[in-house]
Asks: 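Next up is a structure, given as structure tokens.
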Amino acid sequence: MCGVFGINGHDEASNIAYLGMHALQHRGQESTGLAAAEDGKLRRHVEMGLVSDVFDRERLAKLPGRAAIGHVRYSTAGSSELRNAQPFLFEYSGGSLSIAHNGNIVNAVELRAELEASGSIFQTSSDTEVIVHLMAKAREPDVLGKLVSALKRVRGAYSLILLTHDEKMIGVRDPNGFRPLVIGRLKDSYVLSSETCSFDLIEAEFIRDVEPGEIVVIEKGGLTTHKLPESVAPTFCVFEHVYFARPDSLVNGKAVYRAREKMGKRLAQEAPVEADVVIPVPDSGVPSAIGYANESKIPFEMGLIRSHYVGRTFIEPQDSIRHFGVRLKLSVVRAVVDGKRVVVVDDSLVRGTTSRKIVKMLRGAGAREVHLRISAPPTTNSCFYGIDTPTRSELIASSHTVDEINRYVTSDTLSYLSHEGMMAAVQSEDGKGYCSACFTGKYPVALGKEADLVQLRRARV
Ligand code: AMP
């Protein structure tokens with residue numbers, strides 16, 4: 001789970017990239033970094049933390065140049081490390097190159113073993129570094145040739161932005177197009193980003209998506225397009241629409257907000273219930289709860305309030321007063337739920353622990369009935385293409401029926417959106433054009449050995 005951003009041809013490249021990355025902060029909060037090119041030199045700064053904490057005016061002034069790329073990174077389990085913070089910067093026979101990656105390479109463990117056996121020394125535990133070594137070893141004379149050669153060996157999900165010392169910026173999406181990557185224009189410069197919400201902030205014009213399997217090369221004010229040799233039916237990640245992307249973004253050509261609203265509308269048709277109020281689990285559950293409320297004609301209210309000040313580094317003050325858990329993040333508006341039959345809409349249910357606590361909090365605040373509605377199907381499988389879901393055994397729906405989950409989370413009723421309903425909301429016929437492996441277990445790109453995958457997930461921490 002990461003975000004990437006790049007700009008080429010702007011006097012304030014680092015400053016603009018800083019803003020663009022800030023708009024992508026929801027895609028990763030653990031580390032961030034920027035690389036900028038000027039006079040044949042690439043400079044880079046990476047650090048653990050949020051974009052606004054890591055960069056200030058002085059720091060940005062040390063990254064001069066008309067081209068810059070940035071990255072925000074997220075990993076779930078365990079400690080994350082500075083050495084894995086991107087963009088990576090490396091020297092090779094052709095000069096220096098920086099690279100920012102969103103996605104997950106499924107054959108990284110095999111490739112790494114092979115590269116190490118032939119003498120490569122890895123500096124990070126990230127899957128992205130495999131691409132770097134493959135590029136360094138490639139015989140092609142130019143950077144584009146080296147990249148294409150490297151990517152022929154790589155399987156999985158990658159939306160990449162690269163920047164060379166001589167201000168060539170390259171954007172590429174894997175042939176399946178798992179993760180988003182969009183092209184925009186800001187005056188005379190080109191911008192690349194994971195999501196269009198960063199274009200809105202910097203007042204850039206959205207031009208189009210980088211197509212699955214497409215490579216765009218931006219240099220000297222121009223953009224040229226190339227194709228990766230492999231061509232497959234695209235499988236864009238449906239979970240970007242369900243949860244991950246920002247609702248004000250357009251991803252895969254569709255407004256995320258509208259897709260979520262339609263999921264909620266469809267959920268109200270599939271799983272109606274008599275109730276007094278519909279409330280979302282903020283923030284990602286809001287558009288689908290609005291869709292549910294409009295369709296069911298049950299009033300929409302904000303019965304849960306999210307605190308925006310609980311970061312990943314929040315420390316509970318003392319052991320004796322611990323275990324606030326979800327309460328730190330979400331609080332109930334008693335005036336909305338007291339004495340009411342409440343429909344609570346969330347976008348997904350992963351382990352079930354959050355929902356269980358929310359139901360308890362709602363009852364504690366006087367809710368008479370709690371009907372949980374999930375605007376996606378049961379999450380039954382892990383993602384290996386760039387979303388950090390827990391291992392399969394931790395996904396409650398991988399081993400429990402909806403009835404059992406309902407009993408566990410102690411709701412009065414629990415319903416999920418059907419797979420067809422979710423796909424209808426993103427205007428896909430029979431799931432065509434999308435990856436929904438986390439809901440179906442049908443993985444469009446062959447995975448490595450299970451052991452490799454476990455190792456890979458750890459390697460990403
Ligand atoms: P759980 O308690 O594990 O069932 O968590 C469910 C909540 O986690 C929902 O409110 C989702 O919005 C949120 N969620 C779903 N997928 C992810 C993810 N990959 N990373 C972080 N949060 C997520």
Side-chain angles (χ1 to χ4, degrees), residues 1-3 25-30 72-78 80 102-104 157 178-179 237-247 256 259-260 263-264 267 279-289 303-308 310-312 323-332 344-362 370 372-400 402 404-411 414 416-417 422 435-439 457 460-461:
M1 287 166 51
C2 298
Q25 191 76 79
H26 63 289
R27 297 184 71 87
Q29 300 92 44
E30 284 187 2
V72 291
R73 179 170 191 268
Y74 178 88
S75 65
T76 42
S80 52
N102 172 209
N104 210 354
F178 283 107
R179 300 282 141 232
C237 167
V238 75
F239 203 65
E240 292 272 351
H241 274 299
V242 169
Y243 166 80
F244 199 34
R246 238 170 68 164
V256 175
R260 283 189 195 156
M263 288 173 198
L267 185 58
I279 67 166
V281 178
D283 296 320
S284 47
V286 173
S288 45
L304 289 164
I305 303 296
R306 174 173 292 257
S307 164
H308 291 272
V310 186
R312 293 180 70 89
H323 311 306
F324 288 95
V326 172
R327 267 168 209 278
L328 280 168
K329 223 185 231 179
L330 293 171
S331 53
V332 182
V344 55
V345 182
D346 203 353
D347 59 88
S348 52
L349 196 150
V350 182
R351 291 184 174 92
T353 46
T354 310
S355 306
R356 186 179 160 97
K357 286 174 187 151
I358 289 171
V359 173
K360 195 169 168 211
M361 280 162 58
L362 291 171
V370 180
L372 183 59
R373 295 292 178 271
I374 306 294
S375 57
T379 305
T380 50
N381 291 77
S382 298
C383 177
F384 296 103
Y385 308 128
I387 299 278
D388 275 306
T389 30
T391 55
R392 186 148 196 258
S393 58
E394 293 169 90
L395 299 171
I396 190 168
S398 71
S399 54
H400 294 82
V402 176
E404 287 167 346
I405 300 169
N406 185 38
R407 254 174 276 143
Y408 173 73
V409 300
T410 71
S411 39
L414 164 67
Y416 289 86
L417 180 63
M422 176 177 67
C435 171
S436 58
C438 53
F439 304 119
R457 299 182 74 77
R460 284 178 53 79
V461 171

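Being a predicted model, the structure only gives us computed values, none of them experimental. First listed ligand is number 1; within each ligand, the first listed atom is number 1.
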Asks: Just by distance, no angles: are the side chains of N406 and S411 close enough, under 3.5 Å, to form a donor-acceptor pair?
Replies: yes
Asks: Side chain or backbone, does S355 bring an N or O within less than 3.5 Å of an N or O on ligand 1?
Replies: no
Asks: Looking at every heavy atom in both R260 and A245, which two are closest together, and how far apart are they?
Replies: NH2-O, 2.7 Å
Asks: Would you call F239 a ligand 1 contact, heavy-atom distance under 4.0 Å?
Replies: yes
Asks: Taking non-hydrogen atoms only, is S284 closer than 4.0 angstrom to ligand 1 via side chain, backbone, both or neither?
Replies: side chain
Asks: Using a 4.0 Å heavy-atom cut-off, which part of D346 comes near ligand 1: side chain, backbone, both, or neither?
Replies: side chain
Asks: Using modelled atom types only, decide if a donor and an acceptor are shared between the side chain of D346 and the backbone of I374 within a distance under 3.5 Å.
Replies: no
Asks: Does the residue T389 have a heavy-atom contact with ligand 1, meaning some pair of atoms that are separated by less than 4.0 Å?
Replies: no
Asks: Please name all residues satisfying ring pair (Phe, Tyr, Trp, His ring centres under 6.0 Å) with Y385, sequence neighbours left out, ordered by chain then number.
Replies: F178
Asks: Considering only heavy atoms, does F244 approach ligand 1 within less than 4.0 Å through its side chain, its backbone, both, or neither?
Replies: neither
Asks: Would you kindly specify which portion of I387 sits under 4.0 Å from ligand 1, judged on non-hydrogen atoms: side chain, backbone, both or neither?
Replies: side chain
Asks: State which residues pass side-chain hydrogen bond (donor to acceptor under 3.5 Å, both in side chains) with S436; sequence neighbours excluded, sorted by chain then number.
Replies: H419
Asks: What part of V350, side chain from CB on, backbone N/CA/C/O, both or neither, has a heavy atom under 4.0 Å from ligand 1?
Replies: both
